[in-house]
4 protein chains.
Amino acid sequence: MSADPSTAEEIMAGVHHALREYGYADLTMQDIADACSKSKSLLHYHYDTKEDLLVAFLDHLITTFERCVEAGRDRPATERLVEFIAWFGFDPDETDREHFHIALLELRSQGPFNDRIRSRLQRSDRVFRDTVAEIIEQGIEEGVFEPVDVTETAALLVATLDGARTRQITLGELDVDGDTYTRTVARTLIDRVVDPILVDGVELPDVSSVEVLLPRDEPVAVPAVDDSPSTGDDR
Amino acid sequence: MSADPSTAEEIMAGVHHALREYGYADLTMQDIADACSKSKSLLHYHYDTKEDLLVAFLDHLITTFERCVEAGRDRPATERLVEFIAWFGFDPDETDREHFHIALLELRSQGPFNDRIRSRLQRSDRVFRDTVAEIIEQGIEEGVFEPVDVTETAALLVATLDGARTRQITLGELDVDGDTYTRTVARTLIDRVVDPILVDGVELPDVSSVEVLLPRDEPVAVPAVDDSPSTGDDR
Amino acid sequence: MSADPSTAEEIMAGVHHALREYGYADLTMQDIADACSKSKSLLHYHYDTKEDLLVAFLDHLITTFERCVEAGRDRPATERLVEFIAWFGFDPDETDREHFHIALLELRSQGPFNDRIRSRLQRSDRVFRDTVAEIIEQGIEEGVFEPVDVTETAALLVATLDGARTRQITLGELDVDGDTYTRTVARTLIDRVVDPILVDGVELPDVSSVEVLLPRDEPVAVPAVDDSPSTGDDR
Amino acid sequence: MSADPSTAEEIMAGVHHALREYGYADLTMQDIADACSKSKSLLHYHYDTKEDLLVAFLDHLITTFERCVEAGRDRPATERLVEFIAWFGFDPDETDREHFHIALLELRSQGPFNDRIRSRLQRSDRVFRDTVAEIIEQGIEEGVFEPVDVTETAALLVATLDGARTRQITLGELDVDGDTYTRTVARTLIDRVVDPILVDGVELPDVSSVEVLLPRDEPVAVPAVDDSPSTGDDR
DNA sequence: TATGAATGAGCATTCATTCAT
DNA sequence: TATGAATGAATGCTCATTCAT
């Protein structure tokens with residue numbers, strides 16, 4: 001890896017920033033270089049190809065997410081579930097986050113064409129569904145959720161939230177019943193899917209009272225991720 | 001419109017074919033020209049810019065969908081709903097359809113950057129949700145569905161099915177519990193969301209018994225769509 | 001020639017109009033077609049190539065000029081000379097004329113590359129210099145001009161006026177001593193070159209009192225010029 | 001500016017060479033690239049657009065001229081004036097120079113359409129007329145020229161020489177009285193305009209005895225012109 | 001005569017990548 | 001490590017010209 005660990009971080013932050021600004025389709029190496037005040041050549045010194053760089057960025061992203069999930073593991077299941085659901089939506093003023101997810105959607109749409117990207121998406125999907133499954137499992141053990149099929153339930157929740165976010169992003173600030181697409185769907189999802197599996201008497205905490213530990217996608221300096229550049233080995 | 005209506009159709013079919021083959025990001029005017037055995041110049045003769053052409057294609061797509069929805073309006077609500085849900089999924093062998101939806105996802109991911117594309121996506125979203133809402137409304141009137149909030153329900157169903165398809169597409173033929181992502185989610189969606197709103201005693205028809213009228217995305221010759229070339233006016 | 005004589009005239013007027021609007025370098029067959037409300041194909045029916053069309057236009061232009069010169073031949077030499085000098089300049093509000101001469105300059109700059117254009121420019125040069133030479137000759141015979149070398153004098157006058165106009169056109173409405181480039185030069189030309197060859201006691205008439213018969217380059221309907229299209233013979 | 005000063009010079013020389021060979025209207029970036037044995041991409045690396053490159057070339061040209069004028073300032077006015085007049089003409093064998101001025105005329109004809117080109121033409125006009133004005137002023141001070149209006153005289157001389165050259169170029173090697181157009185006009189110009197303002201007893205030196213310091217338009221390596229690539233600032 | 005449809009050749013520009021330092 | 005210089009491949013678009021009717 002880079003002798004200077006901060007260089008790798010600066011580059012990752014640069015990718016993040018450039019993705020937010022230009023989107024994936026319009027993203028050039030020059031954009032990234034500008035965003036981290038480095039030269040194109042240096043990016044190629046650390047990552048042989050543009051693809052290598054983006055794959056490293058995806059790894060970085062997933063790792064960050066995993067770390068955050070880990071950090072919240074000691075909280076009650078209901079709280080964690082609400083956090084997860086809430087995490088998917090944006091407030092209309094979080095344009096940075098929205099721009100980033102737009103870029104991410106573009107990147108995801110390249111999955112079918114790119115094995116390496118796809119493998120990261122799969123890992124990310126695994127992490128997402130496992131996280132939700134684990135939360136539900138935990139809830140069942142805690143006696144707050146009915147004993148449902150956790151795998152199916154996790155798949156449903158993730159698909160729904162993802163679909164809502166995708167639609168909200170691609171359609172713009174479209175209102176559905178006077179609220180955001182994602183929020184409308186999230187609310188309905190809770191009413192129709194989550195509430196029915198709550199054990200009688202159990203209530204979900206209010207969204208506003210739940211601390212969100214999952215990454216808000218800020219270009220925070222991350223504690224040093226080892227993604228050795230240009231080693232070339234890939235799955 | 002073109003004097004020869006078949007030219008416009010040939011071009012639309014060419015776009016369809018080329019999107020399936022190359023995806024949206026890699027799609028060139030040459031690809032489209034090749035796909036319909038015409039010259040690049042001719043494409044530019046009919047559609048000033050590449051964007052114009054793709055926007056026209058989206059219009060064509062939505063119009064086709066609307067026509068098919070119209071055609072199935074006389075069937076029972078349960079049947080129509082099952083058809084709609086089934087329509088979202090692919091069999092593993094329908095690679096053509098899958099490839100097309102991959103391209104569509106890429107195109108959708110450009111919505112945030114392109115007003116004209118976005119306006120088509122919004123129209124399409126409207127059509128989708130209105131269709132489902134109308135089906136549920138019809139079901140309530142027929143006495144087969146409980147009187148639920150149709151707008152919310154429609155939003156939930158569409159988001160979930162879209163999310164499942166998006167994930168299935170981007171992640172590849174990933175199995176969830178031994179089935180397709182979309183099918184697993186569709187099944188769970190029916191169990192957890194649709195079944196609970198069925199009036200007691202009513203049962204959904206089996207998927208395999210429902211005739212699917214919605215467009216299978218084949219480049220079928222469509223009965224004449226008016227997309228006057230190069231008029232340039234937009235919204 | 002065209003069965004309908006007005007068609008040829010409409011096309012010539014179209015070229016004129018289009019040249020004024022787009023200049024020569026940016027002139028497309030479509031521009032000309034639009035300017036005369038005809039189709040590109042029709043232009044090609046009458047004139048095989050774009051070059052043919054422009055060459056015909058130059059012929060048309062020169063012929064018109066000759067006709068106007070002819071019409072003024074019965075006036076006194078001093079009057080004719082002042083008219084000629086005045087004819088070269090524009091008022092700042094004659095933007096149409098200026099735009100046309102801009103296009104003409106562009107066209108002239110193609111002379112070195114195009115034999116057929118060059119031959120028309122040469123003919124036009126001949127007509128110009130001969131006209132001035134004839135005026136001076138006439139003046140000598142009338143006893144108003146000293147017996148100077150008419151060829152040299154004509155060459156000097158034409159070069160100077162042309163140079164002034166070229167500079168005025170290319171440099172924009174640049175002021176020289178509070179007046180137009182062309183007018184400043186024309187005045188100095190009269191002071192330094194014309195006045196000295198006037199016989200003692202003779203005075204030039206005032207510019208404003210001289211009727212300008214030379215063509216103001218308006219797209220006037222011309223009495224029918226025979227420029228048989230597409231005959232292919234040249235020079 | 002380029003780290004290697006020779007690169008900028010090579011490109012300028014390439015533009016010069018390509019202009020001479022293809023003219024302005026037919027000039028492509030590929031032509032220029034070929035002419036300096038570089039890649040099109042490199043041209044775009046140094047100059048964002050074709051226009052940028054040509055504007056830089058015009059700047060380069062004017063700067064070179066100014067430098068040469070500067071270098072000849074210590075000579076007598078009559079000598080400098082004769083040099084200036086002689087400088088405008090070509091010998092029939094100087095086809096390179098002629099070709100270059102043809103291209104220049106094409107470029108000038110774009111002035112009305114292009115602010116940046118026009119501003120360079122204006123600067124060049126200023127330099128030309130100021131140079132002649134300064135020479136005449138100097139001559140008046142030296143007591144060899146009568147005290148005439150220097151501005152008017154300079155405008156007249158420049159317009160006449162420019163007009164003669166333009167006509168010679170556009171009309172081809174057309175003879176006027178057995179001599180070049182420019183030479184005929186230059187001779188007459190001296191007879192009718194310059195001689196009359198000479199103080200009695202003063203004579204102009206013979207053209208052949210005057211050393212011409214003004215640039216012969218050869219692609220001579222110029223002592224380092226600063227045209228920082230792609231800075232984008234203009235005027 | 002007159003037109004709409006269709007084509008091929010050409011061109012400026014972009015961008016990931018490489019090279020020399 | 002880090003950079004500026006340089007390149008090849010690719011792409012959307014323009015336009016004169018031709019063809020079928």
Which whole-number value in Å describes the distance from [X] [atom1] to [N] [atom2]?
| X | N | atom1 | atom2 | answer |
| --- | --- | --- | --- | --- |
| C:Lys50 | F:dT14 | NZ | C1' | 11 Å |
| B:Leu53 | F:dC13 | CG | P | 10 Å |
| C:Tyr24 | F:dC15 | OH | P | 14 Å |
| D:Gln30 | E:dA9 | CD | P | 18 Å |
| A:His44 | F:dA5 | NE2 | P | 17 Å |
| A:Asp48 | E:dC19 | CG | P | 12 Å |
| B:Tyr47 | E:dA6 | OH | P | 11 Å |
| D:Asp34 | E:dA12 | CG | P | 12 Å |

Taking a pair as Watson-Crick or G-U wobble with both distances under 3.5 Å, which nucleotide is matched to F:dC15? E:dG8

Let's test this: given Watson-Crick or G-U wobble pairing with both distances under 3.5 Å, identify the partner of E:dA20. F:dT3

Among [options], which nucleotide sits nearest the side chain of [X]?
| X | options | answer |
| --- | --- | --- |
| C:Tyr45 | F:dA16, E:dT1, E:dA5 | E:dT1 |
| D:Lys40 | F:dA16, E:dA12, F:dT14 | E:dA12 |
| C:Met29 | E:dT17, F:dA16, F:dA5 | F:dA16 |

Where [X] and [Y] come nearest, the two heavy atoms and their spacing:
| X | Y | value |
| --- | --- | --- |
| A:Ala25 | A:Glu106 | N-OE1, 2.9 Å |
| C:Arg108 | D:Thr170 | O-CG2, 3.4 Å |
| D:Leu19 | D:Ala103 | O-CB, 3.6 Å |

Could you pick out which residue, B:Glu51 or C:Thr28, lies toward the 5' side of DNA chain F when each is mapped onto its nearest nucleotide? B:Glu51

By the 4.0 Å heavy-atom rule, please label A:Leu27 as base, sugar-phosphate, or nothing. sugar-phosphate

Compile the donor-acceptor pairs under 3.5 Å between side chains in residues 33-41 of chain C and protein atoms, sequence neighbours left out, one pair per line.
residue : atom : partner : partner atom : Å
C:Asp34 : OD1  : C:Gln30 : NE2          : 2.9
C:Lys38 : NZ   : C:Glu10 : OE1          : 2.6
C:Ser39 : OG   : C:Leu42 : N            : 3.2

Please figure out whether D:Ser41 or B:Lys38 has its closest DNA chain E nucleotide nearer the 5' end. B:Lys38

Where each residue is assigned the nucleotide of DNA chain E containing its nearest heavy atom, which of B:Leu42 and D:Thr49 is assigned the position nearer the 5′ end? B:Leu42

Between A:His46 and F:dA2, is there a side-chain N or O to OP1/OP2 distance below 4.0 Å? yes

Under 30°, 30 to 60°, or over 60°: which ring-plane class applies to C:His16 and C:Phe100, parallel, tilted or perpendicular? parallel

